[in-house]
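Quick note on labels: first sequence line is chain A, next is B, and so on, each numbered from 1.
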Number of protein chains: 2
Amino acid sequence: MSRTERRRPPTIHDVAREAGVSRGTVSRVLNGGHNVSPAALEAVNAAIRRTGYVVNRHARSLITGRSDSVGFLLTEPQERFFEDPNFNVLLSGCTQALAAHDIPLLLMIAGDESERRRITRYITAGHVDGVLLVSSHSGNPVAERLEEAGVPVVACGEPLGQGGRVAYVAADERGGAHRMVRHLVATGRRRVAMITGPLDTPGGVQRLAGYREELAASGLPADESLVAEGDYSRSSGEAAMTALLERAPGLDAVFVASDLMAQGALAALERAGRRVPEDVAVGGFDDSPAALATLPPLTTIRQPWDRISAEMVRLLLARIAGDEPAGVILPTELVRRESA
Amino acid sequence: MSRTERRRPPTIHDVAREAGVSRGTVSRVLNGGHNVSPAALEAVNAAIRRTGYVVNRHARSLITGRSDSVGFLLTEPQERFFEDPNFNVLLSGCTQALAAHDIPLLLMIAGDESERRRITRYITAGHVDGVLLVSSHSGNPVAERLEEAGVPVVACGEPLGQGGRVAYVAADERGGAHRMVRHLVATGRRRVAMITGPLDTPGGVQRLAGYREELAASGLPADESLVAEGDYSRSSGEAAMTALLERAPGLDAVFVASDLMAQGALAALERAGRRVPEDVAVGGFDDSPAALATLPPLTTIRQPWDRISAEMVRLLLARIAGDEPAGVILPTELVRRESA
DNA sequence: CTGAAAGCGCTTACAG
DNA sequence: CTGAAAGCGCTTACAG
């Protein structure tokens, strides 16, 4: 027990004594300063400074019933999280946006159903005022479960088949796909293939839809042999590209639904002896750090992750304050580099 | 205010009534079940199940003075965090190891000095029982500040110049460097260059020391023109490799202190028309996902991130329980792939 | 082994 | 505008 003794921190009582007012008045100052005379306000603020007082959140939460904290819940299998740089940007952005409101972020990872149950229980017990949910796979019931229990949720990406019951923030996936395919076609490509994301995710579905729409708009024929499905991982992109090359050797461009998969596709193309962009133009999606790590650097669709995290936090705080759920769609943008 | 009403969750009082015992007895069951008769124990447990009771942590913390939560504090500038997959593995591993103890992890990011002050204040106010610190740069005073305030800290990586005051977990950096250089030399390389990490970090310093020691042990001459410093980023690896090629065109191998920098080095070598591994063997460090994303896949030194996170959590919980600080060094291992 | 009671540090009507 | 007081849901000596 030789560990440094932690001194008992000053309480509202110490501040009250120091300022010569009651504890109620100190509390009022702490909670917005309404109904407090200027003189008292100043005395209390000075006392807070002198004593180094910091509110005890446990005591406050006990009475308010709020925890003044927010959960960041990841229900993807871990591997995805490890590999995808987007998660970092999102997580970090949310942490900082919350920090500006002095709200701590609790990180929660639920890889399997038993962890999901444990965490749901923890959350619905009121340990957190709301949840930022990252889990684009449909058929994942946590969002509804939490909302039913009265815990506000904001999802990253549009939840599939949930009829507007849960709030979300998403990039304009479909518009992004339009932009990329338009660019590919505008630069003279005529056999444009696509590697999609998992088709049980909104990103998977909508980027594919945008691809098809833009192809049709360009008067190019639809050809299902030009479409292969991946799971957003690097290796799945490599496998899909290999399959496409086999099925449709004449392809001259490929729109890949994530930069990470595009990295894999690039490897497959190199192995097959196809030059990029001379023989095959490659377009990615995300504008993640991976897009700069490839050779050649990737032409891609930028998702505004910084704005996405900021909007998620804004929406969640609004929901916690009582607002109705809302969906926010943020624009994407084409980033031209060397691969297409 | 049409938001779903959150029902008031059951309290210890409801459980007591349901079980026909006093609240004190319920509390004893909750806290280990000492001094409770088997009959009472069973009645309480049944009542807990029936009511769906979950302890209110705020009330508990208010009286125990513990928060039963832990902070994960990142003091690196954000960019590093985004780019480095190791952070993910570490963060995720710590989250899960803590979850096994039912302890939530609060993510904290302190990019600049003002954020550092805000977060230090938050932590020392007792909102967290201990801190997992990721910040290998020396001259970063947060670890000492926190320990002085009585908050246990466990650092990732050996803190430079802190005389054993703060607990840490690290990989055997020096041994890893030995292993890699030995491998390079054993496969016939004679002009082995090195791209180091930042030399104000333990990883930077120790991997370089290991390189020099092993070169000497192999009877190869020390040549300072063969050493260039990077900052662990991809682009710095590319720049360093370009500089090395200029200074020492005759090099036939390079030991790069991180996989990410190795990725950059590979790009520089390709640009310079050097084949890997035929002309230049490249060895990385980390065995991060980046090592598999390169062409050719990277021979590297595996850091046991899963064990590192588990040990950090173990050590922190021990410190919180009163143990003295300790340093733990975990072994590294050579992973042979195609680049060397 | 068990219950009654005090008290952790706050907030919030309630009087004035 | 301000103070006195109740009470949030727990834990922990203290008696028995």
Side-chain angles (χ1 to χ4, degrees), chain A residues 6-45 47-48 51-69 102 121-122 124-129, chain B residues 6-45 47-48 51-69 102 121-122 124-129:
Chain A
R6 202 186 278 203
R7 285 215 331 275
R8 173 163 289 289
T11 73
I12 205 174
H13 192 231
D14 301 314
V15 176
R17 189 167 4 86
E18 183 84 13
V21 299
S22 75
R23 290 178 291 152
T25 298
V26 175
S27 183
R28 273 172 223 118
V29 170
L30 254 25
N31 290 282
H34 304 301
N35 292 356
V36 177
S37 68
L41 185 74
E42 192 178 341
V44 169
N45 279 139
I48 288 176
T51 55
Y53 171 78
V54 176
V55 67
N56 179 322
R57 286 177 179 240
H58 302 306
R60 171 181 283 175
S61 292
L62 183 54
I63 176 147
T64 62
R66 283 176 283 111
S67 73
D68 292 320
S69 69
D102 206 31
R121 199 177 157 84
Y122 179 87
T124 54
H127 293 317
V128 119
D129 295 336
Chain B
R6 203 186 277 201
R7 284 215 330 277
R8 173 164 289 291
T11 72
I12 206 174
H13 192 231
D14 301 313
V15 176
R17 190 168 1 87
E18 183 84 11
V21 299
S22 74
R23 293 177 290 154
T25 299
V26 175
S27 182
R28 273 174 223 117
V29 171
L30 257 25
N31 291 283
H34 305 301
N35 291 356
V36 178
S37 67
L41 186 72
E42 194 178 338
V44 169
N45 280 138
I48 288 176
T51 55
Y53 172 78
V54 176
V55 66
N56 180 320
R57 286 175 180 242
H58 302 307
R60 173 180 283 174
S61 291
L62 183 54
I63 177 148
T64 62
R66 283 175 281 112
S67 74
D68 293 318
S69 68
D102 206 32
R121 198 177 158 86
Y122 179 87
T124 53
H127 294 316
V128 119
D129 295 336

Where do [X] and [Y] come nearest, in terms of heavy atoms and distance?
X       : Y       : value
T25(A)  : A40(A)  : CG2-CB, 4.3 Å
A125(A) : V54(B)  : CB-CG1, 3.5 Å
R57(A)  : Y122(B) : NE-CE1, 3.4 Å
L62(A)  : A59(B)  : CD1-CB, 3.6 Å
G33(A)  : L41(A)  : CA-CD1, 4.3 Å
R66(B)  : D68(B)  : NH1-OD1, 3.1 Å

(request) Please confirm whether the backbone N or O of R121(B) pairs with a side-chain atom of T124(B), one donor and one acceptor, at under 3.5 Å? (result) yes

(message) Strictly by salt bridge (charged side-chain N to carboxylate O under 4.0 Å, His left out), give each pair with a member in residues 11-36 of chain B just once, sequence neighbours left out.
(response) D14(B)-R17(B), E18(B)-R50(B)

(request) At under 4.0 Å between heavy atoms, which parts of nucleotides 7-16 of chain C does protein reach? Answer with one letter per nucleotide, 5' to 3': B base, S sugar-phosphate only, - none. (result) BBBBBBB---

(message) Dot-bracket, 5' to 3', for DNA chain C please: Watson-Crick or G-U pairs under 3.5 Å, [ ] where pairs cross earlier ones, | where the partner sits on another strand, dots elsewhere.
(response) |||.||||||||.|||

(request) Using only side-chain N and O atoms of S37(A), determine if any of them is under 4.0 Å from OP1 or OP2 of dC1(D). (result) no

